[in-house]
Amino acid sequence: MMHHGEYKVVGGKLVVVDLETSNGTITDVSLNGDFFLEPDEALEDLNEAVRGLPTDASHGTIRDAVANNLREDAVMFGFDADAVARVVRRALGHATKWEDHEWEILGPEIIPITEQVALDEVLTRQIAKGVRKPAIRFWDWNEGAVVIGSFQSLKNEVDMEQADKYGIQVVRRISGGGAMFMEAGNCITYSLYAPESLVDGMSFADSYPFLDAWVMEAPQNIGLKAHYKPLNDIATEAGKIGGAAQKRFANGAMLHHVTMSYDIDAQKMTQVLRIGREKISDKGITSAVKRVDPLKSQTDLERMEIIQVMMDTFAQRTGAKQAQLDDATRQAAQQLAETKFATEQWTARVP
């Protein structure tokens, strides 16, 4: 059988492979693309490394075979062994591209914060079961909240006395990462639900800019230039505007979400959040207030106008169609919020 795969390295070059397989084995390989490789003979090293591998070889198996078979003086520029493994897995149908899926866009609805985080778990599990198409969902809410990461200490991250003073609800999400200060109308938050095959073989560090590459285009459509700042920050020339978090389920589905600051009461945020010196020690700044430069200060567009630009950009990049949450999903999220995400047991599971 003949197989063809392509992969554009984030910030790098296009890697293409044409394979022949027979009886569960890769029998012939032609790796090509606009990458750079020295010396020329090293190209056959790459082909030879893949030739003879089983068609169900894991990403790690392919990557290691390539790395181990490459001559010592070889130089790969614009791609690496991971990229070769990824394109081979794509050609064989184990790894997928954006366009391999039918995407849906779930527009913003005002939903309580506890149900918002519950929806993330419900929708991701639906993806794993194959009962929902991959989707992006934009949040909306009408309450003040802090959403802390799955592994954060409640007492170390939030001053509960100040949170109570300002009527700020604290909830814990299922993904890692840092606390999100989310007053109504002040943030743009979206969640992406997809099969893990979309990031097959990718480390978390590599998958963040890959999954949010389309987001870099959306600000350009409103006159801003955005870029990714490792590990998981999104920034413009004016400063940080948001951050990402991710959760991969053992059953083959993944959740990736981003919160971007549209407007912010920075003084209130620093009273409610316990942002210590260690948190900002590697940022080259002395004030946590200066870490975030909200979109409102960089554009004349309203928050909902920016969200519409983002939805349009995602649709153009993926072919996604507008959809709505069904009643059964909402009910499942409400029940999960009541039994898990609104409980003290969950919120304070890391005291």
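Scope of the values below: all heavy atoms of this structure, side chains included, with no hydrogens, waters or symmetry mates.
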[X]-[Y] side chain donor-acceptor pair, cut-off 3.5 Å:
X    : Y    : answer
H94  : D56  : no
Q126 : T329 : yes
S58  : R89  : no
D233 : Y228 : no
D312 : Q308 : yes
T259 : T189 : yes

**Message:** Would you say Y166 ends up clustered with L154 if hydrophobic residues are merged whenever their side chains have heavy atoms under 4.5 Å apart, either directly or through other cluster members?
**Reply:**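 In one cluster: yes.
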**Request:** Flag yes if V29 and V16 sit in one hydrophobic cluster, no otherwise; membership is Ile, Leu, Val, Met, Phe, Trp, Tyr, and two members link when side-chain heavy atoms are under 4.5 Å apart.
**Result:**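 No, it is not one cluster - the side chains of V29 and V16 are not joined through contacts under 4.5 Å.
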In the structure I gave you, are the side-chain heavy atoms of [X] and [Y] within less than 4.5 Å of one another anywhere?
X    : Y    : answer
E99  : K97  : yes
Q152 : V350 : no
P108 : M304 : yes
L301 : Y262 : no

**Prompt:** For residues 18-38, which residue pairs qualify under salt bridge (Lys or Arg N to Asp or Glu O under 4.0 Å), counting only residues two or more places apart or in two chains?
**Reply:**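 Sorted pair list: D28-R51.
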With a 6.0 Å cut-off (strictly less than), is the heavy-atom count around [atom1] of [X], excluding the residue itself, greater than 12?
X    : atom1 : value
E48  : CD    : yes
M1   : CE    : no
Q335 : CD    : no
F77  : CZ    : no
K296 : NZ    : no
D300 : CG    : no
D73  : CG    : yes
Q322 : CD    : yes

**Asked** Under 30°, 30 to 60°, or over 60°: which ring-plane class applies to F341 and W346, parallel, tilted or perpendicular?
**Response** perpendicular
**Request:** Could you label the plane-to-plane angle of the F204 and Y208 rings as parallel, tilted or perpendicular, counting under 30° as parallel and over 60° as perpendicular?
**Result:**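 The rings of F204 and Y208 sit tilted, inter-plane angle from 30° to 60°.
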What are the two closest non-hydrogen atoms of [X] and [Y], and how far apart are they?
X    : Y    : value
L43  : L31  : CD1-O, 3.5 Å
L19  : A91  : CD1-CB, 3.8 Å
T21  : T27  : N-OG1, 3.8 Å
M182 : V147 : SD-CG2, 3.5 Å
T236 : H227 : O-CE1, 3.7 Å
A83  : F79  : CB-CB, 4.1 Å

Measuring from atom [atom1] of [X] to atom [atom2] of [Y], what distance do you get when rounded to the nearest 0.5 angstrom?
X    : Y    : atom1 : atom2 : result
I168 : L273 : CD1   : CG    : 9.0 Å
I306 : I188 : CD1   : CD1   : 4.5 Å
L123 : L255 : CG    : CG    : 9.0 Å
I26  : L92  : CD1   : CG    : 5.0 Å
R173 : I148 : CZ    : CD1   : 8.5 Å
N186 : D265 : CG    : CG    : 8.0 Å

Could [X] and [Y] be called an ion pair, given the rule that one side-chain N must be under 4.0 Å from one carboxylate O?
X    : Y    : result
D80  : R86  : no
E217 : R317 : yes
E102 : K321 : no
R330 : D327 : no

Sub-3.5 Å donor-acceptor pair from the side chain of [X] to the main-chain atoms of [Y], do we have one?
X    : Y    : result
T96  : L198 : yes
T25  : G52  : no
R172 : S150 : yes
S153 : N156 : yes
R125 : D120 : no
W103 : W98  : yes
R63  : D82  : no
E157 : R274 : no

**Item:** M269 vs I264, side-chain contact (heavy atoms from CB on, under 4.5 Å): CA-CA, chis, key distance, verdict
**Value:** CA-CA 8 Å; M269 178 187 73; I264 194 166; 3.4 Å; yes
**Request:** Apply side-chain hydrogen bond (donor to acceptor under 3.5 Å, both in side chains) to E183 and list each qualifying residue two or more places apart in sequence or on a separate chain.
**Result:** K268
**Request:** Take F138 and S191, measure what side-chain contact (heavy atoms from CB on, under 4.5 Å) needs, and give me the verdict at the end.
**Result:** CA-CA 7 Å; F138 287 83; S191 296; over 6 Å; no
**Asked** Which is it for E121 and K340 under the salt bridge (charged side-chain N to carboxylate O under 4.0 Å, His left out) test, yes or no, and what are the steps along the way?
**Response** CA-CA 11 Å; E121 180 168 334; K340 179 177 180 179; 2.8 Å; yes
**Message:** Can you confirm whether or not the ring centre of Y193 sits under 6.0 Å from the ring centre of H256?
**Reply:** no
**Message:** If you take the centroid of each ring, where Trp contributes its six-membered ring, are W214 and Y190 closer together than 6.0 Å?
**Reply:**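 Yes, the ring centres sit under 6.0 Å apart.
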**Request:** Go through T318 and I105 one step at a time and tell me if the side-chain contact (heavy atoms from CB on, under 4.5 Å) criterion holds.
**Result:** CA-CA 10 Å; T318 65; I105 298 175; over 6 Å; no
**Request:** Could you walk me through whether N47 and S30 pass side-chain hydrogen bond (donor to acceptor under 3.5 Å, both in side chains), step by step?
**Result:** CA-CA 6 Å; N47 291 333; S30 175; 5.5 Å; no
**Item:** Test log, rule salt bridge (charged side-chain N to carboxylate O under 4.0 Å, His left out), inputs D326 and R132
**Value:** CA-CA 11 Å; D326 56 281; R132 174 173 291 278; 2.8 Å; yes
**Message:** Let's go through I222 and E305 carefully: what are the C-alpha distance in whole Å and the side-chain angles of both, what is the deciding distance for side-chain contact (heavy atoms from CB on, under 4.5 Å) to 0.1 Å, and is it a yes or a no?
**Reply:** CA-CA 10 Å; I222 59 174; E305 291 178 303; over 6 Å; no
